[in-house]
Amino acid sequence: MTLDKTETTRVRFAPSPTGYLHLGGARTALYNWLWAKKTGGVFILRIEDTDAERSTAESTEGILHGLRWLGLEWDEGPFYQTANLPKHIEAATKLLESGHAYRCYCTREELDAQRKAAEAQKRAFIYDGRCRKLTEEESPAKLESGIPYVVRFRTPQTSAVAFDDLVYGRIEKQGHDIEDFVIVRSDGRPLYILSNAVDDAHDRITHVIRGADGIANTPKQVLIYNALGITPPTFAHMPLTLDNKKAKLSKRSHGEVVTVAYYEKRGFIPWALCNFMALLGWSSADGREFFTREELIEAFDLTRINRANSIFNYVPGDTKNWTDPKAIHFNSTYLRTIPPAELEPYVREELQSAGLWRESFEGEEKEWFLKTINLIRTRYLTLTDFSERGRCYFSDEFSFDQKAVAKNLKDSNLRTYLPELSDRLEALPDFTAYEIEEVFRTYSEEKGIKAGIIINGSRTAVSGTSVGPGLFEMLEVLGKDRVVKRLRDVTPLIPEAV
Ligand code: GLU
């Protein structure tokens with residue numbers, strides 16, 4: 001689409017702080033952020049905290065933390081919707097004064113009766129608008145007598161309301177299909193539909209980019225804008241994300257896997273998650289999937305957001321994958337392809353929280369550290385692998401996988417082979433992969449044994465597992481002292497000959 005350079009784009013992410021920052025919300029934030037970056041615009045964060053019973057400070061904290069972790073920093077805010085309450089009330093008063101809204105004195109019983117009548121006739125309940133017909137005398141009299149009332153918007157009955165959604169196209173609704181919706185409750189609190197629109201106007205939002213569940217509200221909000229004499233923003237609604245059984249993602253049915261915090265805990269690189277989320281509902285013109293920040297900003301376009309629901313390929317209770325395999329694929333690809341220097345801060349943080357970090361990794365051992373993480377990352381999926389699977393590189397206290405021991409250390413001859421290899425390795429002037437390999441080859445030839453026996457045995461002896469990078473490179477980064485010691489210390493795990 002062509003960008004209007006005359007007006008600064010202003011977009012917002014407007015979460016309600018009633019729960020976790022979930023993938024759906026984070027994707028909304030990401031699309032808004034991308035659009036602001038692309039257009040040189042402003043990304044605003046608004047916390048829609050008007051639901052006092054359900055909003056919590058903890059949730060707000062979680063949302064701010066999650067956005068910062070993802071790298072989706074906002075330019076303005078956070079603004080809190082409750083702070084704007086006087087503006088919401090002012091708008092309601094204006095609408096009452098201009099006749100676009102009216103006071104409705106219907107009691108709950110009356111409304112229930114209307115609802116029941118509609119049910120009996122098998123038609124959808126729409127408030128019949130009886131209070132809009134109150135006469136000039138009736139209305140002030142009721143107001144004076146102190147009967148509780150709500151404020152309803154007077155929906156034009158004979159015209160339609162329409163807007164052009166950047167994703168879903170033109171959406172039109174007949175006025176008579178929209179009930180006279182409530183904008184202020186009987187206790188004087190404005191409804192979300194009003195506050196949200198008033199805040200967007202107040203924050204001079206140019207593009208409302210939000211989930212498709214917002215479409216139902218939009219015609220009503222356009223009516224509010226029109227009645228207040230404000231040009232509505234441009235709307236772009238995004239498809240919902242469903243699981244592969246077409247169920248809506250929710251914490252209740254899917255658990256933590258739908259929360260951003262979980263990916264932080266499980267060792268995701270934030271941008272890998274952003275890149276994955278970008279494709280939940282958007283695709284590039286050339287089908288490309290991996291993007292740096294700058295590339296994604298360049299490629300992203302609101303008009304390329306899909307209309308079809310996007311699929312998060314995860315089955316609750318899946319024992320093989322703890323999230324959508326594609327998300328893991330993104331993370332592991334980033335993890336093994338970004339420059340080691342870029343990876344280093346993430347690994348440092350991971351090792352710090354696991355108690356495995358040493359200051360020397362940043363000082364005299366820096367070169368070794370970068371070389372090591374570069375070598376071991378090849379098969380890693382998440383950052384936690386550096387402290388779990390990679391523990392033997394950063395600490396002498398690592399555990400032995402019983403299956404690996406049973407498989408690779410079962411030959412009692414290893415009680416002789418490994419210490420002998422250890423002696424030969426100790427004597428090496430240059431402890432390089434090349435020299436180490438020579439030692440192994442010569443030894444197996446001399447003994448007339450398969451190299452695999454000592455290669456696999458050594459691997460388990462020095463790392464506790466049966467998997468990892470090429471053995472000789474691995475021994476090189478582990479260093480002579482560790483290797484020599486571990487090859488000797490493992491003897492008690494090898495069965496004696498019978
Ligand atoms: N507070 C609303 C929500 O969390 C925001 C809707 C909107 O973006 O307009 O769903």
Side-chain angles (χ1 to χ4, degrees), residues 9-36 41-64 66-67 70 72 74 76-85 87-88 91 163 165-168 171 181 183 189-225 228 230 232-241 248-252 258-260 277 280-281 302 305:
T9 301
R10 293 175 63 85
V11 293
R12 76 335 185 245
F13 175 46
S16 305
T18 54
Y20 294 76
L21 177 63
H22 51 82
L23 293 185
R27 183 193 56 166
T28 302
L30 174 65
Y31 285 13
N32 276 284
W33 180 88
L34 285 168
W35 192 240
V42 178
F43 175 47
I44 294 159
L45 176 60
R46 182 170 71 227
I47 303 291
E48 299 207 317
D49 57 346
T50 39
D51 184 340
E53 283 101 70
R54 295 177 57 228
S55 299
T56 67
E58 190 192 350
S59 168
T60 301
E61 272 316 304
I63 292 167
L64 301 188
L67 291 175
L70 287 166
L72 306 178
W74 49 95
E76 287 182 20
F79 299 131
Y80 291 86
Q81 189 155 60
T82 41
N84 227 8
L85 195 64
K87 286 260 173 336
H88 309 153
F163 63 98
D165 191 277
L166 287 182
V167 178
Y168 290 89
I171 294 179
F181 52 98
I183 53 173
R189 282 185 301 146
L191 261 95
Y192 158 76
I193 196 153
L194 174 70
S195 307
N196 177 263
V198 170
D199 284 356
D200 281 341
H202 179 258
D203 295 336
R204 292 174 288 125
I205 299 301
T206 56
H207 296 75
V208 168
I209 306 166
R210 64 182 173 194
D213 42 356
I215 291 184
N217 286 332
T218 312
K220 295 176 187 169
Q221 294 190 312
V222 171
L223 287 173
I224 293 175
Y225 285 119
L228 289 171
I230 299 166
T234 300
F235 292 92
H237 287 91
M238 301 170 308
L240 297 179
T241 300
K248 247 185 105 171
L249 293 187
S250 73
K251 183 135 184 292
R252 190 178 308 161
V258 301
T259 71
V260 169
M277 289 192 303
L280 286 174
L302 290 177
I305 295 179

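Both ligands and their constituent atoms are indexed starting at 1 by order of listing. For clarity, every value in this text was computed on a predicted model and none was experimentally measured. Count residues from 1 along the sequence.
- For ligand 1, the atoms closer than 4.0 angstrom to any heavy atom of N196 are 7 (C), 9 (O).
- Counting heavy atoms from C-beta on, the side chains of L67 and F13 come closer than 4.5 Å.
- T50 and H88 form no side-chain donor-acceptor contact under 3.5 Å, judged by distance and modelled atom types alone.
- For ligand 1, the atoms lying closer than 4.0 Å to a non-hydrogen atom of E48 are 1 (N), 2 (C), 5 (C).
- Looking at residues two or more places apart in sequence or on another chain, you find a salt bridge (Lys or Arg N to Asp or Glu O under 4.0 Å) between D199 and R46.
- Under a 3.5 Å cut-off, the side chain of T206 and the backbone N or O of T9 do not form any donor-acceptor pair.
- Contacts with ligand 1 closer than 4.0 Å are made by no heavy atom of N217, backbone or side chain.
- In terms of N/O distances under 3.5 Å, ligand 1 is not approached by V208.
- Of the listed residues (V11, I205, N32), just one forms a side-chain contact (heavy atoms from CB on, under 4.5 Å) with I44, and that residue is I205.
- Under 3.5 Å, the side chains of S195 and R189 contain no donor-acceptor pair of N or O atoms.
- Using a 4.0 Å cut-off between charged side-chain N and carboxylate O, D203 and R10 make no salt bridge.
- Within a 4.0 Å radius of atom 9 (O) of ligand 1, the protein contributes at least one heavy atom.
- Given atom 6 (C) of ligand 1, the protein heavy atom at minimum distance is Y192 OH, 2.8 Å.
- The ligand atoms of ligand 1 that sit less than 4.0 angstrom from a heavy atom of R12 are 7 (C), 8 (O), 9 (O).
- Taking 4.0 Å as the cut-off, S16 counts as a neighbour of ligand 1 on heavy-atom distance.
- Looking only at protein heavy atoms, the nearest one to atom 5 (C) of ligand 1 is A14 O, 3.1 Å.
- Using 4.0 Å as the threshold, F13 has no heavy atom nearer than that to any atom of ligand 1.
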